[in-house]
K.L.:
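What follows is a structure written as structure tokens; I'll ask about it next.
Excluded from the calculations below are hydrogen atoms, water molecules and symmetry mates; all remaining heavy atoms, backbone and side chain alike, are included. Predicted, not measured: the structure shown is a model, and the values here were computed from it. Each chain gets a letter, A, B and so on, in the order its sequence line appears, and its residues count up from 1.
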Amino acid sequence: MKLSLGPLQYFWKRADVLDFYQQAADWPVDVIYLGETVCSKRRELRLPDWLSIADNLTAAGHDVVLSSLVLVEAASELSTLRRMADNGRFGMEANDLSAVQVCLERQVPFVGGPTLNIYNHETLALLQSCGMTRFVLTMDQGETALRALREAQATLGGAFPEVEVMAWGRLPLAYSARCFTARASNLGKDECGFKCLEHPQGLALATREGESFIRLNGIQVQSEARCDLAPDLESLRQCGVDYLRLSPQPEGMAEVIERFHDALQSGCPPGRAGDCNGYWHGRPGMDWVGAAREFSGDLQETTR
Amino acid sequence: MNMELVCPAGSPAALEAALEHGADAVYVGLRNPTNARAFPGLNFTPEALAAAVSTAHARRRKLYLALNTYPTSRHIHVWKDSIDMAAAAGVDAFIIADMALLDYAARRHAGIPRHLSVQGSATTAVALRFFYERFGIARAVLPRVLSIAQVEHLCEQAPVAIEVFAFGSLCIMVEGRCQLSSHVTGQSPNCHGVCSPAEHVRWTELPGNRREVRLGQVLVDRFEPEEPASYPTLCKGRYQQDGQPFYALEEPTSLNTLELLPRLAQAGVAALKVEGRQRGPAYVTQVTRVWRGALDALKGPQPFRILPEWEAQLSHVSEGLQTTLGPYHRRWQ
């Protein structure tokens, strides 16, 4: 199992992004996904900037993949997609069927992002036939779903693509045409004033009894709960997961990566540091399922 | 070109209402997990589906079957069997989101048109080309994310006929990409055909005739004694930033595009969809009647104008008794 650094979900100032990826050059992650996936109005960095970061990271020994926008609407967004696919050096993560088609037309192999809705082996095989070499499991699927996918795919023959699973960070739960961050300031999307820059980890919202619940990140809604699959390392390994995706955060990213890296090196799953792992266990995403294996082991012991 | 009026039916009675009041086509779902309104007591058995096809065809109208949830490998046979059964029953089109099912329907029942469901999340001509070239779709239902100008542009570029949502409950998230419900309940529109499933909803009476409603453990909203309360989908709850609760995502409201009708027609939109298979025959009657009247007026010699009674009738059956142009109107975004 290897580590990947997922695409930056938030809107940070240019200098902060450059600084972040300068540090990332030294981090023990194998793959780094780069690019804007949430909002095309975020232009602190443009494609040439991302490509230049990509060159630096490649020189530092990382595999770089360019991630595409999740919600593609405008002609300008399509043309950015085409330019990304035509870059000639780095692979693509297709987060929308527009990107899949663009890659397909150019015969560019791609990583299927978590929003492609791959829920069965036949859809998986169809996308493989379009050039998909790796896929990120949708947020809502976990161990059981992945096993079923693998077993069913074995009946078709052929190679199973590489699998990547979201292992650390706030979960992207939904996307809209509406900018929620702008709305929270009584602004429309067209005159948003780049409010996202003021919320480098998203804008936290609580329920009316004060329980933290979601984060607004432009047109994206994230979970407040940070997913943490480090304690589930063993079952991830058993399911043949190839990459653990760690989602960028403005502070403490090096420590997050170090914790996962140490766990992979030692083979010892660490204790809990995040808030949720429900999806991996076939539960509501926000749930935390702790030490399930030990418990079921004890139970069997008792029954016997 | 005439725009087709596509109305919902969750029961034979609703189907009758839609046909009686002027639907050109009616879309239904089966009583199993294959569609995105998998609610108890709703939808059609195989026998009811066969009868529904006959009823619709007797009036020279069309009957579409929505198979718009995403099957897992273990259960995909349920969706495929449903496709075979519905083909034998004589449905006029399948409304599908999942690629494997589009592929299956195209191979097994090539003569029955395939419509890409709104759950397929296709928002550009390039994405539509993918579905058209791979699976021969004849029509696509657009997610409720595009502005009217974007819809017009897409109609020019699209390789297939375009269907848009005209009226009904407003999903404000990109359809097919919303996990809010599964985050809290484990059940999602994508896989379970439900959003905020009823068995996870809990209403509690508070002192002073106030009420609160939870989905699972999450408090979605609280209501003052006279305050109208609507179904607690997470996107229409009130949350707080600095202690000030507000509708952070969207108010309880319904989509209503009556005033866009001339532009949608001009753009070449092929079909207008009314949301609401979970609603009863009274809703279907009222909404179908208004939209039939509006579409007929559009074809008439007089310039199109919205009758006040249309607005009144539609507001009456709307969520929160109010309507919006939603994402069609750039300001909403």
Side-chain angles (χ1 to χ4, degrees), chain A residues 70-75 77-78 81 96-98 100-102 104 115 117 119-123 126-127 130 138-140 145 148-149 151-153 171 173-180 183-184 188-190 203-211 213-214 216 221 223 278-279 282-286, chain B residues 70-74 76 97-100 103-104 120-124 126-127 129-131 133-134 144-147 150 153 172-174 176-180 182-186 188 190-191 212 216-222 235 237-241 245-246 248-250 327 330-333:
Chain A
V70 168
L71 173 58
V72 186
E73 299 171 292
E77 294 162 358
L78 278 171
L81 251 186
D96 178 82
L97 271 309
S98 310
V100 170
Q101 177 71 7
V102 163
L104 180 62
T115 43
N117 285 346
Y119 288 102
N120 59 67
H121 63 295
E122 294 180 36
T123 292
L126 281 163
L127 284 166
C130 296
T138 61
M139 292 301 137
D140 57 332
L149 209 49
E151 281 163 21
Q153 200 268 357
L171 299 166
L173 295 176
Y175 299 84
S176 174
R178 170 174 272 176
C179 177
F180 301 114
R183 176 179 168 84
K189 185 160 72 175
D190 286 342
L203 195 167
L205 289 182
T207 66
R208 297 184 70 171
E209 57 191 356
E211 290 287 330
F213 179 42
I214 48 177
L216 306 179
V221 179
S223 65
Y279 282 137
R283 305 267 316 151
M286 68 192 296
Chain B
Y70 287 91
T72 58
S73 295
R74 271 187 197 153
I76 196 167
D98 181 65
M99 284 178 220
D103 188 56
Y104 181 81
S121 323
T123 51
T124 69
V126 177
R129 200 155 70 231
F130 175 82
F131 286 104
E133 289 176 359
R134 310 299 287 186
R144 282 161 278 188
V145 294
L146 301 175
S147 69
Q150 288 170 330
H153 182 69
I172 60 161
M173 303 303 175
V174 184
R177 290 184 187 159
C178 181
Q179 298 294 349
L180 286 172
S182 74
H183 185 58
V184 175
T185 70
S188 67
N190 275 8
C191 294
E212 68 174 33
Q217 299 298 311
V218 174
L219 179 63
V220 180
D221 210 347
R222 281 186 178 137
C235 59
R238 272 181 287 197
Y239 309 106
Q240 52 191 16
Q241 188 183 352
F246 69 119
L249 306 174
E250 175 62 314
R330 190 77 197 176
R331 292 284 309 173
W332 179 94
Q333 300 192 5

K.L.:
Given a strict heavy-atom distance threshold of 4.5 Å, which part of B:R177 is in contact with chain A: side chain, backbone, both, or neither?
P.N.:
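Its backbone and side chain both get close to chain A.
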
K.L.:
Which region of B:I76, side chain (C-beta onward) or backbone (N, CA, C, O), has a non-hydrogen atom less than 4.5 Å from a non-hydrogen atom of chain A, or is it both or neither?
P.N.:
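B:I76 touches chain A through side-chain heavy atoms alone.
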
K.L.:
May I have the step-by-step check of side chain to side chain donor-acceptor pair (under 3.5 Å) for A:S223 and B:H183, ending in yes or no?
P.N.:
CA-CA 8 Å; A:S223 65; B:H183 185 58; 4.5 Å; no

K.L.:
With a 4.5 angstrom heavy-atom cut-off, is it the side chain or the backbone of A:V72 that approaches chain B, or both, or neither?
P.N.:
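For A:V72, heavy atoms of backbone and side chain both lie under 4.5 Å from chain B.
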
K.L.:
Against chain B, label A:L171 side chain, backbone, both or neither, depending on which of its atoms sit under 4.5 Å from a heavy atom there.
P.N.:
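The answer is the side chain of A:L171.
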
K.L.:
With a 4.5 Å cut-off on heavy-atom pairs, point out which of A:E77, A:R208, A:M139, A:Q153 contacts chain B the most.
P.N.:
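Looking at each of A:E77, A:R208, A:M139, A:Q153 in turn, A:R208 comes out on top.
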
K.L.:
For the residue pair B:D98 / A:T123, report whether a side-chain donor-acceptor contact shorter than 3.5 Å exists.
P.N.:
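Distance-only check passes for A:T123 and B:D98.
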
K.L.:
Chain B heavy atoms under 4.5 Å from A:E209: which part of the residue, side chain, backbone, both or neither?
P.N.:
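A:E209 touches chain B through backbone and side-chain heavy atoms alike.
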
K.L.:
Considering only heavy atoms from C-beta outward, does the side chain of B:D103 approach that of A:E122 to under 4.5 Å?
P.N.:
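No, too far: nothing below the 4.5 Å cut-off.
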
K.L.:
Report the option among A:T138, A:N117, A:L126 that has the most heavy-atom pairs separated by less than 4.5 Å from atoms of chain B.
P.N.:
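Result: the option with the highest number of such pairs is A:N117.
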
K.L.:
Sort B:Q150 into side chain, backbone, both or neither according to what part of it lies under 4.5 angstrom from a heavy atom of chain A.
P.N.:
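Just its side chain gets close to chain A.
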
K.L.:
To the nearest 0.5 Å, tell me how far B:S121 OG sits from A:Y175 OH.
P.N.:
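It comes to 11.5 Å.
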
K.L.:
Under 3.5 Å, is there a donor on one side chain and an acceptor on the other for B:Q217 and A:E211?
P.N.:
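No, no side-chain donor-acceptor pair sits under 3.5 Å.
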
K.L.:
Search all heavy atoms of B:L180 against all heavy atoms of A:V221 and return the closest pair with its distance.
P.N.:
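So the minimum-distance heavy-atom pair works out to CD2-CG1, 4.0 Å.
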
K.L.:
Can you confirm whether B:F130 sits close enough to A:C130 that some side-chain heavy atom of one is under 4.5 Å from a side-chain heavy atom of the other?
P.N.:
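Yes, their side chains come closer than 4.5 Å.
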
K.L.:
How many angstroms lie between atom CZ of B:R129 and atom CG of A:L104, to the nearest 0.5 angstrom?
P.N.:
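Going from the CZ atom of B:R129 to the CG atom of A:L104 covers 10.0 Å.
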
K.L.:
Hey, what do you get for CD (B:Q240) to OG1 (A:T207), rounding to the nearest 0.5 Å?
P.N.:
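Output value for this atom pair is 6.5 Å.
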
K.L.:
Give, for atom CZ of A:R283 and atom OG of B:S182, the distance between the pair rounded to the nearest 0.5 Å.
P.N.:
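Taking CZ in A:R283 and OG in B:S182, the distance rounds to 12.5 Å.
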
K.L.:
Using the test ring pair (Phe, Tyr, Trp, His ring centres under 6.0 Å), find all partners of A:Y119 that sit at least two apart in sequence or belong to another chain.
P.N.:
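Checked A:Y119 against ring pair (Phe, Tyr, Trp, His ring centres under 6.0 Å); matches are B:Y70.
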
K.L.:
Does the side chain of B:E133 come within less than 4.5 Å of A:Q101's, by heavy atoms?
P.N.:
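A side-chain contact under 4.5 Å exists here.
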
K.L.:
Which pair of non-hydrogen atoms, one from B:S73 and one from A:L149, has the smallest distance, and what is that distance?
P.N.:
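Of all heavy-atom pairs spanning B:S73 and A:L149, the closest is OG-CD1, 3.7 Å.
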
K.L.:
Evaluate side-chain contact (heavy atoms from CB on, under 4.5 Å) for B:W332 paired with A:R178, printing each intermediate quantity in order.
P.N.:
CA-CA 7 Å; B:W332 179 94; A:R178 170 174 272 176; 2.8 Å; yes

K.L.:
Need one label for A:D190: side chain, backbone, both or neither, based on atoms under 4.5 Å from any heavy atom in chain B.
P.N.:
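Just the side chain, heavy atoms under 4.5 Å.
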
K.L.:
Tell me, side chain or backbone of A:L78 under 4.5 Å from chain B's heavy atoms, or both, or neither?
P.N.:
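Only the side chain of A:L78 comes within 4.5 Å of chain B.
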
K.L.:
What are the two closest heavy atoms between A:L205 and B:A248, and how far apart are they?
P.N.:
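The answer is CD1-CB, 3.3 Å.
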
K.L.:
Count the heavy-atom pairs under 4.5 Å between each of A:V100, A:L81, A:L203 and chain B, then report the option with the highest count.
P.N.:
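The candidate making the most pairs under 4.5 Å is A:L203.
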
K.L.:
Assess the residue pair B:L146 and A:E73 against the criterion (side-chain contact (heavy atoms from CB on, under 4.5 Å)); give the C-alpha distance rounded to whole Å, side-chain angles, the decisive distance to 0.1 Å, and a yes or no.
P.N.:
CA-CA 7 Å; B:L146 301 175; A:E73 299 171 292; 3.7 Å; yes

K.L.:
When heavy-atom pairs shorter than 4.5 Å are enumerated against chain A, which of B:L249, B:N190, B:T124 gives the highest number?
P.N.:
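Greatest number of close heavy-atom pairs with chain A: B:L249.
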
K.L.:
With only heavy atoms counted, which part of B:T185 is less than 4.5 Å from chain A, the side chain, the backbone, both or neither?
P.N.:
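B:T185 touches chain A through backbone heavy atoms alone.
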
K.L.:
Tell me, side chain or backbone of A:E151 under 4.5 Å from chain B's heavy atoms, or both, or neither?
P.N.:
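Side chain only.
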
K.L.:
Taking side chain as everything from C-beta outward and backbone as N, CA, C, O, which of these in B:P327 sits under 4.5 Å from a heavy atom of chain A? Side chain, backbone, both or neither.
P.N.:
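Only the side chain of B:P327 comes within 4.5 Å of chain A.
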
K.L.:
Would you give the length of the straight line joining atom OH of B:Y239 to atom CD1 of A:I214, rounded to the nearest 0.5 angstrom?
P.N.:
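Result: 5.5 Å between the selected atoms.
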
K.L.:
Before you tell me yes or no, could you show the steps for B:Q179 and A:Y279 under side-chain contact (heavy atoms from CB on, under 4.5 Å), namely the whole-Å CA-CA distance, both residues' side-chain angles and the distance that decides it to 0.1 Å?
P.N.:
CA-CA 11 Å; B:Q179 298 294 349; A:Y279 282 137; 3.7 Å; yes

K.L.:
How many angstroms lie between CZ in B:R144 and OG in A:S176, if you round to the nearest 0.5 Å?
P.N.:
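If I round to the nearest 0.5 Å, the distance is 11.0 Å.
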
K.L.:
Can you tell me which portion of B:Y104 sits under 4.5 Å from chain A's heavy atoms? Options are side chain, backbone, both or neither.
P.N.:
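Contact with chain A: none, neither part.
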
K.L.:
Taking it one step at a time, do B:C191 and A:D140 satisfy side-chain contact (heavy atoms from CB on, under 4.5 Å)?
P.N.:
CA-CA 9 Å; B:C191 294; A:D140 57 332; 3.9 Å; yes

